[in-house]
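One structure below.
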Number of protein chains: 2
Amino acid sequence: MARVRISDVAAAAGVSTATVSLVLNDRTARISDVTADRVRRAAADVGYTPNSVARGLRTQRSRTIGLISDRIATTPFAGRMLSGAQDVAREHGYLVFLVDTDADETVEREAIRALADQQVDAMIYACMWHRVVDAPASLPRGTVFLDCRPTDGGFPAVVPDDRAGGVAAARALVAAGHRRIAYLDVDEPHPPVASGLRHEGYLQVLSETGIVPDPAWHVRGDTSSAGGREATDRLLDLPEERRPTAIFCFNDRMAAGAYVAAHRRGLRIPQDLSIVGYDDQQLVAAELDPPLTTVALPHYEMGRWAMQVALGIRAPDDPGAPHLMPCPIVDRDSVGPPPATAASDSRRRT
Amino acid sequence: MARVRISDVAAAAGVSTATVSLVLNDRTARISDVTADRVRRAAADVGYTPNSVARGLRTQRSRTIGLISDRIATTPFAGRMLSGAQDVAREHGYLVFLVDTDADETVEREAIRALADQQVDAMIYACMWHRVVDAPASLPRGTVFLDCRPTDGGFPAVVPDDRAGGVAAARALVAAGHRRIAYLDVDEPHPPVASGLRHEGYLQVLSETGIVPDPAWHVRGDTSSAGGREATDRLLDLPEERRPTAIFCFNDRMAAGAYVAAHRRGLRIPQDLSIVGYDDQQLVAAELDPPLTTVALPHYEMGRWAMQVALGIRAPDDPGAPHLMPCPIVDRDSVGPPPATAASDSRRRT
DNA sequence: CAGAGTTGTTTAATCGATTTAGCATCACTC
DNA sequence: GAGTGATGCTAAATCGATTAAACAACTCTG
């Protein structure tokens with residue numbers, strides 16, 4: 001039952017452990033084919049796999065990556081980041097240590113130390129949502145930031161291209177013929193990186209299209225279905241000629257709230273009101289009635305990117321700036337042309 | 001920048017590395033207080049933390065736990081299991097290796113080997129949902145099964161008490177006055193452990209209450225909002241006197257579909273139709289309108305239990321049988337008394 | 001004061017691999 | 001047949017800790 005060691009293979013093959021090691025690591029330049037074969041056969045026979053701990057001690061590399069996050073593993077939001085990171089690691093024979101710190105600084109510090117003591121080959125520092133963070137001082141250089149960017153730079157980072165996502169969402173609505181497009185923003189967040197960028201993208205499209213946004217179209221609510229519902233109510237309470245025919249929501253949950261508000265007034269989606277969300281949360285976007293057109297957060301791809309950089313397989317294009325991962329729009333059924341009553345307005349465009 | 005080793009501490013304190021090791025591991029029986037203090041001070045001064053790899057090689061224990069799962073890390077369903085396991089591990093100074101295998105047997109086998117090569121002190125084998133699995137042959141004995149039970153036993157396991165959950169849901173509906181209670185089941189699943197047990201619990205309550213279930217009350221759909229909607233339509237199409245006034249749904253997503261079906265017919269929840277879900281998925285249950293009464297899956301607690309057993313902190317009560325974790329009902333607003341038209345029926349009870 | 005027992009510390013083996021330097025052996029070359 | 005160069009393999013050091021055994025210096029005992 002005891003583990004098979006390299007010395008067992010050596011004994012079985014009648015050679016020294018040095019030879020076994022050389023053969024199994026494919027450094028056979030000076031080893032005869034006969035011996036190499038014998039060693040490989042012996043290793044297979046006795047079922048030898050090298051002890052990673054011993055190897056790690058000697059080589060100072062553990063084929064192990066530490067992934068520290070506030071709570072991506074424990075919330076339904078960003079698990080696909082883990083998935084992406086995990087897949088790349090596995091493809092290259094690495095294991096990942098996962099630590100969720102619950103955003104507790106003490107826990108975070110201890111986690112970083114524990115991972116360093118385990119001689120992880122690299123670390124990834126991940127957040128649940130796109131924001132700017134102060135990099136903990138003890139993070140080793142080269143640590144990759146995932147879904148967040150360090151205040152002072154100095155680390156490779158990957159974040160969603162929220163600005164482009166805002167553009168895509170607004171373009172989709174403009175293309176459908178809408179002119180009165182609201183932005184349902186999140187309420188006083190955290191350093192509002194994601195919401196600010198999405199808003200910028202939205203404003204850019206309006207501007208390019210020659211639409212002057214009504215200030216009343218920028219409403220806020222907390223990041224929940226209820227928050228979205230209340231904010232939507234305020235939009236729908238606007239007088240007919242200022243009332244938006246389409247709403248771009250900060251996220252899918254708030255979009256779900258917009259659905260509720262619309263339904264309560266007997267408005268149909270998309271016939272009477274078009275809605276675009278953000279995040280592409282499977283449990284929300286795809287299951288709404290009708291399914292929600294939304295902008296996908298490329299969590300899986302960001303996770304892959306981060307791990308590739310951590311493993312040194314890929315280098316950041318521009319080491320100075322965070323890598324911006326595209327946010328593709330996912331067309332479902334919540335966007336349609338504006339209702340006829342509003343159509344006269346949009347005709348102005350030509 | 002190089003790591004501080006025990007020899008650096010020894011040099012700083014003017015003692016041998018053996019003394020340093022003894023002091024820092026609190027084996028000071030034969031060490032003078034003066035020396036011990038000097039060593040501790042020196043260690044703090046130079047910022048020493050032991051290299052876990054070297055220690056692991058010597059002690060054969062790594063303070064590391066391997067957690068293998070089909071895909072709990074990457075789906076929004078069961079992340080709280082990870083959270084529970086993770087918290088216990090951290091409380092005891094352990095790190096956890098996470099591997100999602102995507103239910104691929106080759107990946108699984110390689111993961112188990114890789115974890116064994118890393119000398120993890122124990123493994124946890126987790127599933128995304130409660131089911132019976134064939135234990136991979138290479139799993140070390142003592143591996144804890146989380147949210148699944150091994151076909152032939154032989155391993156400690158923890159699963160939700162789905163039967164009791166079914167009882168709780170049905171009791172809540174009976175208590176509200178319902179007599180015509182449907183079970184919206186999942187369609188031909190996987191070995192249907194969870195759904196079967198929940199159904200049993202439901203049937204038990206009906207039986208205790210003297211209700212003879214109409215076979216038409218047991219409908220099935222696929223595990224999605226759409227599946228729930230279609231199945232609910234079939235229930236609502238039943239003639240008035242057989243039509244259920246309450247539906248117990250296999251999960252929250254299907255319950256969301258039941259909401260849609262009800263709304264489309266102009267039925268209000270809970271005034272016209274009561275609904276109980278299962279899972280307590282935050283993104284679904286809490287955000288529905290009205291918020292969904294549901295049975296919570298104790299993912300966090302199961303995760304804790306599994307890790308405690310893995311670390312040997314707790315022993316299974318009955319080593320032969322899986323530990324059943326209670327599923328508490330979460331009362332929200334989707335259950336009310338049956339509508340007046342149906343009330344005459346339920347009066348029969350007295 | 002020899003022998004036994006304490007006390008405080010160190011020496012050196014050990015965990016299981018990798019890797020450098022070196023030892024044989026053999027084949028050529030001049 | 002001495003010198004040179006390959007070729008094939010191994011001895012031994014090494015990574016950084018832990019720990020059993022040994023040792024040195026004291027203190028007691030009888």
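Below, read A as the first sequence line, B as the second, and so on, with proteins coming before strands; counting in each chain starts at 1.
Closest non-hydrogen pair, Asp100(A) versus Arg90(B), comes out as O-NH1, 2.7 Å. Residues Arg63(B) and Gly93(B) approach most closely at NE-O, 3.5 Å, considering heavy atoms.
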Contact string for nucleotides 7-19 of chain C, one letter per nucleotide 5' to 3', B = base within protein heavy-atom range under 4.0 Å, S = sugar-phosphate only, - = neither, reads BBBBB-BBBBBBB
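In summary, of the residues considered (Asp162(A), Asp147(A), Asp161(A)), a side-chain hydrogen bond (donor to acceptor under 3.5 Å, both in side chains) with His130(A) occurs for Asp162(A) alone.
Here the straight-line distance linking atom CG of Asp121(A) with atom OH of Tyr94(A) works out to 5.0 Å at 0.5 Å rounding.
The aromatic rings of Trp305(A) and His323(A) lie parallel to each other, with less than 30° between the two planes, well short of the 60° mark.
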